[in-house]
Chemist: 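Sharing a structure here in structure tokens format.
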Amino acid sequence: MVFSSHLFCFYFLPLALLFYYATPARWRNLTLTILSYLFYGWAHPAFVFLMLFSTAVDYLCGLTIARHADGGSERARRAALTVSMVTNLSLLGFFKYFNFGIDSANALAAALGWGGLDVALRVTLPLGISFYTFQSMSYTIDVYRGRSAALRDPVDFACYVAMFPQLVAGPILRFSEVAEQLRERRHGFDRAARGAAFFSLGMAKKILLANPCGKVADLCWDAGSLHILDAWYGAVAYAFQIYFDFSGYSDMAIGLALFFGFALPKNFDSPYRARSITEFWRRWHMSLSRWLRDYLYIPLGGNQRGPTRTYVNLFAVMLIGGLWHGAAWTFVVWGSFHGLLLMAERARGKERAYGAVPPALRLAWTFLLVVISWVFFRAPDLATALRYLGDMIGIGSPQGAAGLVGEIIHRPYYLGTFAVAAVVVWTAPQTWDFSRRLTWPKAVYCLAVLFMALVMMETQGYNPFIYFIF
Amino acid sequence: MKPKPELPASGSTDVSRPLAHVFTAAWLLTFVAFSAAAWLPPLGGRDLPGEPLGIFFAAASELTAAEGPIDANRRLESMMDELENGLENTSALRAATLPTLQWLLTGWCGVGNEQVYVGYRGWLFYRPGVDYMTGPPLLDRPEADPRPALLDFHQQLQRRGIELLILPVPSKAMVRPERLAPLYDGRDDDAPPSHKTRSHPARLHNPSFSELQSTLESAGTRVFDPGETLSRYEEQSGENAYLRTDSHWTPGGIDAVAHELATRIRGLDLPFEGPTQSWRRYSGEHRARGDLVRMLFEPPGTLELFPWWKKLYPKESVRLERLRGWAVDQQAEILLLGDSFTNVFSVSDASLPWGTGAGLAEQLSFHLERGVDQIAINNESATGVRQRLALAGASRLAGKKLVVYQIAVREFAVGDWRRVELP
């Protein structure tokens with residue numbers, strides 16, 4: 001079930017709110033948990049048990065760690081932490097990387113002239129597994145480090161893991177951010193109003209901006225060859241699509257959570273206004289960046305063990321971040337590319353020469369690098385990515401039909417939407433700031449774009465979010 | 001180590017109490033209103049959303065009959081999928097808004113949908129047909145390569161002493177791309193072809209087509225690409241070879257191809273034993289709206305409620321040359337396998353409302369002066385039609401000298417090509 005669907009908007013959401021507010025306060029976490037499992041199980045019912053298993057393991061591990069705190073068995077604490085991490089990483093590893101591992105091994109075997117592995121099994125990736133395993137692991141790690149108290153109530157813990165607004169595509173929640181809210185949270189019209197604004201604007205981003213930009217991107221990527229300007233048009237359209245798609249989803253998640261009394265953290269901070277790749281990663285998918293920083297980069301030593309180790313750590317974190325997104329060599333290249341850029345910026349330091357470059361140029365340069373990286377992110381395989389990059393720099397050989405693709409994507413509707421997307425990316429206020437202070441005109445605006453988005457949604461087919469596949 | 005500051009939380013907002021109440025209420029009412037609108041009395045006789053809900057709950061009660069958890073999971077997934085699709089398709093809201101919105105998008109913005117590209121001056125194009133042409137080389141995907149299935153079919157026919165001739169029918173945009181994109185060759189499109197002085201641009205095809213054709217011909221399979229024939233027909237007659245609002249060719253286009261096909265078949269010097277036959281043709285007008293309009297205009301069945309669609313895409317008129325007294329001859333020495341390009345103007349149903357008696361098999365019979373056997377299934381030229389042939393039994397191929405295999409060219413890229421064992 002996706003947020004931008006007929007079923008969710010006109011059936012699940014109204015009923016979910018009705019059941020939630022009809023439930024006495026002390027049972028609301030249970031209601032939300034049941035609703036979340038129903039939401040999650042809609043696509044693949046069997047995977048509900050997988051999430052339940054992961055939740056149960058981490059809940060028990062958290063209790064074990066807490067039980068042996070303050071002078072208890074450190075060995076037991078470590079064992080519980082290990083069980084939690086091994087379980088989560090094993091689930092993630094198997095479901096996400098099994099097919100990739102087999103395919104890569106067979107490709108290598110074929111290249112070496114050996115026989116490949118005859119494995120008929122193909123594993124389906126459970127929705128949101130990358131998100132809820134990371135979220136679950138952060139809980140046990142924080143309990144182990146003493147940053148959070150373990151949760152006694154299993155329903156509360158299940159609610160934390162499965163909460164449907166953020167279950168399948170984040171933001172990845174730190175337990176400490178919601179611990180208090182699981183026990184006691186405020187429901188009020190001010191929160192609901194901000195939630196309504198977030199949801200409306202997120203929905204508009206997805207339906208009115210991301211989807212049309214995605215049409216252009218899909219046409220370009222599905223084409224066998226493109227003229228140079230069309231290749232850039234398609235690449236930038238994809239950059240807009242993924243931004244509005246993912247930030248739109250995050251806005252909707254934050255908005256929905258507010259209706260259920262939860263205040264979630266910010267996940268995007270106008271990333272295409274960044275003036276360096278380092279800054280980009282402080283603005284893009286902030287909850288993931290934070291998770292990688294706190295649970296990977298810092299434990300590896302961060303920047304505390306000299307420059308060489310810092311570069312290695314940066315590269316390793318981005319490489320793993322790339323793999324987290326997808327089991328394909330394109331994501332390895334994407335992550336590595338960003339890792340190298342971060343290393344280069346770290347090595348450059350705060351050079352006066354770069355600092356003297358006008359901010360607009362630095363912004364343009366950063367955006368250019370990000371767009372190039374998105375080519376690997378979007379492409380189904382390395383060959384397509386390289387072919388597309390070749391089209392972007394004009395060394396491809398456009399076939400006769402490339403001109404037709406150009407004519408289709410240059411229709412006024414697509415160009416107009418692209419222009420609006422560009423204006424919004426670089427000049428419009430963020431949802432976060434826009435909704436911090438609500439006025440009557442803003443409310444009318446939110447309702448208007450919500451109405452337009454709901455009507456447009458009816459014309460569009462299945463509307464998945466890009467990050468649902470991670 | 002000191003924890004880093006948390007990310008800012010979304011909980012606080014500066015909003016007046018009345019505004020918070022009104023805005024929240026209006027927001028919730030919007031969803032309630034949309035939900036209620038979905039249940040309005042059905043438009044055009046469509047079912048209420050209660051129908052799919054009823055089916056869902058009825059199916060749920062049968063879950064206990066599942067053969068184990070895997071079967072139960074599969075059934076549940078199927079039920080949920082059907083429910084979701086059913087709720088969308090029966091939504092009165094959707095029925096009311098989609099046609100109007102699509103009319104705005106199509107008429108004002110030149111935008112189609114998942115299945116249709118909008119061309120110029122009323123021309124519509126089936127998207128898979130265009131994507132075949134603009135997409136990457138179809139042979140880059142070995143798992144979807146049509147050649148093994150086709151070569152195997154050829155070999156099986158050869159063992160039975162039957163020749164194979166493949167007829168890949170081009171999509172509309174391949175013959176006249178400027179109807180999809182008028183700037184494609186720098187000229188306005190609406191003048192009749194005969195008034196233009198131009199050389200054809202290089203025929204547009206998928207980059208792999210020439211390799212595909214070459215492989216088949218090297219193995220002894222004959223391939224007749226009718227693209228040049230269709231282009232020449234347009235230039236010489238001043239008529240369109242394809243329908244404006246339909247994915248298929250016109251009766252004139254069919255006739256031109258059938259004539260050329262008959263010439264080529266005669267050139268094969270096959271040892272036909274049966275006597276020749278001749279048929280008289282009689283003309284008749286027929287009017288209909290194309291399948292591409294129906295694909296644009298969802299939900300189906302509500303066209304009559306939205307008259308502005310009729311102005312945007314009026315019915316087209318075609319002249320059918322029907323054969324008097326013709327019928328599929330299962331004893332004929334020529335078998336035509338095909339898809340909707342064979343069925344159009346031959347059989348009539350909801351998806352092909354273009355009349356009968358003037359299809360490819362009929363025109364081929366007319367020009368060859370021989371009966372023709374026919375097996376044609378819409379959208380199934382890749383594998384389905386060969387499976388139907390196999391199911392028909394060995395007697396269907398008895399006495400055959402030639403199989404003409406008509407394939408919509410897009411099927412080479414999107415079709416599910418599998419080997420089929422003939423009896």
Side-chain angles (χ1 to χ4, degrees), chain A residues 5-7 9-11 13-14 17 42 44-46 147 174 176-177 189-194 196 198 200 222-224 254 258 263-266 286-287 290 294 298 399-405 407-408 411-413 432 435-440 443 446-447 450-451 454-456 458-459 461, chain B residues 1 3-4 6-15 17 19-24 26-28 30-32 34-35 38 69 73 76-77 80 83-84 87-88 91 93-94 97-98 101-102 105 109-111 113-114 117 130-131 133-137 173 177 180-181 183-184 201-202 204 206-207:
Chain A
S5 69
H6 186 96
L7 180 69
C9 287
F10 305 139
Y11 292 89
L13 180 60
L17 289 170
W42 189 261
H44 293 287
R147 289 196 188 153
R174 185 80 63 80
S176 57
E177 288 167 333
F189 278 99
D190 59 326
R191 281 202 164 187
R194 195 171 192 198
F198 263 104
S200 304
D222 289 344
I254 291 170
L258 281 168
L264 301 189
K266 195 175 186 180
M286 294 154 69
S287 62
R290 184 187 56 177
D294 290 348
I298 290 174
Q399 307 289 331
L404 278 183
V405 177
E407 287 252 4
I408 294 170
R411 296 286 163 92
Y413 174 72
W432 194 271
S435 61
R436 196 193 297 273
R437 181 171 174 274
L438 287 172
T439 61
W440 289 96
C446 288
L447 288 171
L450 173 68
F451 183 85
L454 288 173
V455 171
M456 275 299 279
E458 294 292 276
T459 69
Chain B
M1 179 176 294
K4 297 271 182 176
E6 300 292 353
L7 293 173
S10 52
S12 59
T13 186
D14 176 9
V15 60
R17 200 178 157 113
L19 175 57
H21 282 79
V22 171
F23 180 38
T24 305
W27 189 89
L28 289 168
T30 302
F31 283 91
V32 170
F34 271 76
S35 305
N73 183 64
L76 202 48
E77 283 181 13
M80 288 171 174
L83 173 62
E84 192 160 358
L87 289 173
E88 282 183 20
S91 165
L93 174 68
R94 190 159 182 259
T97 58
L98 180 52
L101 263 177
Q102 191 61 59
L105 286 170
C109 304
V111 173
N113 63 5
E114 304 298 322
Y117 283 129
V130 178
D131 292 349
M133 200 172 48
T134 61
L180 174 60
L183 295 180
Y184 180 69
L204 295 173
N206 184 278

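Chain identifiers are assigned alphabetically (A, B, ...) following the order of the sequence lines, protein sequences preceding nucleic acid strands; residue numbering begins at 1 within each chain.
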Chemist: Given a strict heavy-atom distance threshold of 4.5 Å, which part of A:P14 is in contact with chain B: side chain, backbone, both, or neither?
Modeler: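 Side chain of A:P14 only, per the 4.5 Å heavy-atom cut-off to chain B.
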
Chemist: Considering non-hydrogen atoms only, spot the tightest contact between A:P45 and B:E77 and give its length.
Modeler: CD-CG, 3.4 Å

Chemist: Please report the shortest heavy-atom distance between A:L404 and B:M133, naming the atom on each side.
Modeler: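 Here A:L404 and B:M133 meet closest at CD1-CE, 3.2 Å.
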
Chemist: Let's test your reading of the structure: which of B:V130, B:L19, B:T24 forms the most heavy-atom pairs below 4.5 Å with chain A?
Modeler: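 Of the candidates given, the most pairs with chain A belong to B:L19.
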
Chemist: Is a donor on one side and an acceptor on the other found under 3.5 Å between the side chain of A:D222 and the backbone of B:G135?
Modeler: no

Chemist: Walk me through it: do B:F23 and A:F189 pass the test ring pair (Phe, Tyr, Trp, His ring centres under 6.0 Å)?
Modeler: CA-CA 9 Å; B:F23 180 38; A:F189 278 99; over 10 Å; no

Chemist: Judged by atom type as modelled, is there a donor-acceptor pair below 3.5 Å linking the side chain of A:R437 to the main-chain atoms of B:D14?
Modeler: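 Checking the backbone N and O of B:D14 against the side chain of A:R437, no donor-acceptor pair under 3.5 Å is found.
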
Chemist: Measuring heavy-atom distances to chain A, does B:S35 have an atom under 4.5 Å in its side chain, in its backbone, in both, or in neither?
Modeler: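 Contact with chain A involves both backbone and side-chain atoms of B:S35.
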
Chemist: I'd like to check the side-chain hydrogen bond (donor to acceptor under 3.5 Å, both in side chains) partners of A:S435; sequence neighbours left out, ordered by chain and number.
Modeler: A:R194

Chemist: In Å, rounded to the nearest 0.5 Å, how long is the span from OG1 of B:T13 to CG of A:L258?
Modeler: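 Reported to 0.5 Å precision, the distance equals 9.0 Å.
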
Chemist: Using the test salt bridge (Lys or Arg N to Asp or Glu O under 4.0 Å), find all partners of B:R17 that sit at least two apart in sequence or belong to another chain.
Modeler: none

Chemist: Where is the tightest heavy-atom contact between B:A26 and A:L447, given as atom of each residue plus distance?
Modeler: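 Answer, listing the atom of B:A26 first, then A:L447: CB-CD1, 3.7 Å.
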
Chemist: Which region of B:F34, side chain (C-beta onward) or backbone (N, CA, C, O), has a non-hydrogen atom less than 4.5 Å from a non-hydrogen atom of chain A, or is it both or neither?
Modeler: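 Contact with chain A is through both the backbone and side chain of B:F34.
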
Chemist: Considering non-hydrogen atoms only, spot the tightest contact between A:W42 and B:M80 and give its length.
Modeler: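 Nearest heavy atoms, A:W42 then B:M80: O-SD, 2.9 Å.
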
Chemist: Which pair of non-hydrogen atoms, one from A:Y413 and one from B:C109, has the smallest distance, and what is that distance?
Modeler: CB-CB, 3.7 Å

Chemist: Please check: side-chain N/O of B:T134 versus main-chain N/O of A:A223, any donor-acceptor pairing under 3.5 Å?
Modeler: no

Chemist: At a heavy-atom separation under 4.5 Å, does A:L450 approach chain B through its side chain, its backbone, both, or neither?
Modeler: side chain

Chemist: Within this structure, what is the CG-CE distance for the pair B:L101 and A:M456, rounded to the nearest 0.5 Å?
Modeler: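 Between atom CG of B:L101 and atom CE of A:M456 there are 6.5 Å.
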
Chemist: Below 30° counts as parallel, above 60° as perpendicular, anything between as tilted: where do the rings of A:F10 and B:F31 land?
Modeler: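 Rings of A:F10 and B:F31: tilted, 30 to 60°.
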
Chemist: Which distance, rounded to the nearest 0.5 Å, do you find between the CD1 of A:I408 and the CG of B:L180?
Modeler: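 Spacing of CD1 (A:I408) from CG (B:L180) equals 4.5 Å.
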
Chemist: Let's test your reading of the structure: which of A:L13, A:L454, A:V405 forms the most heavy-atom pairs below 4.5 Å with chain B?
Modeler: A:L454

Chemist: Which bit of B:V111 is near chain A, if near means a heavy-atom gap under 4.5 Å: side chain, backbone, both or neither?
Modeler: side chain

Chemist: Measuring from atom CD of A:E458 to atom CD of B:Q102, what distance do you get when rounded to the nearest 0.5 angstrom?
Modeler: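 Answer rounded to 0.5 Å: 13.0 Å.
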
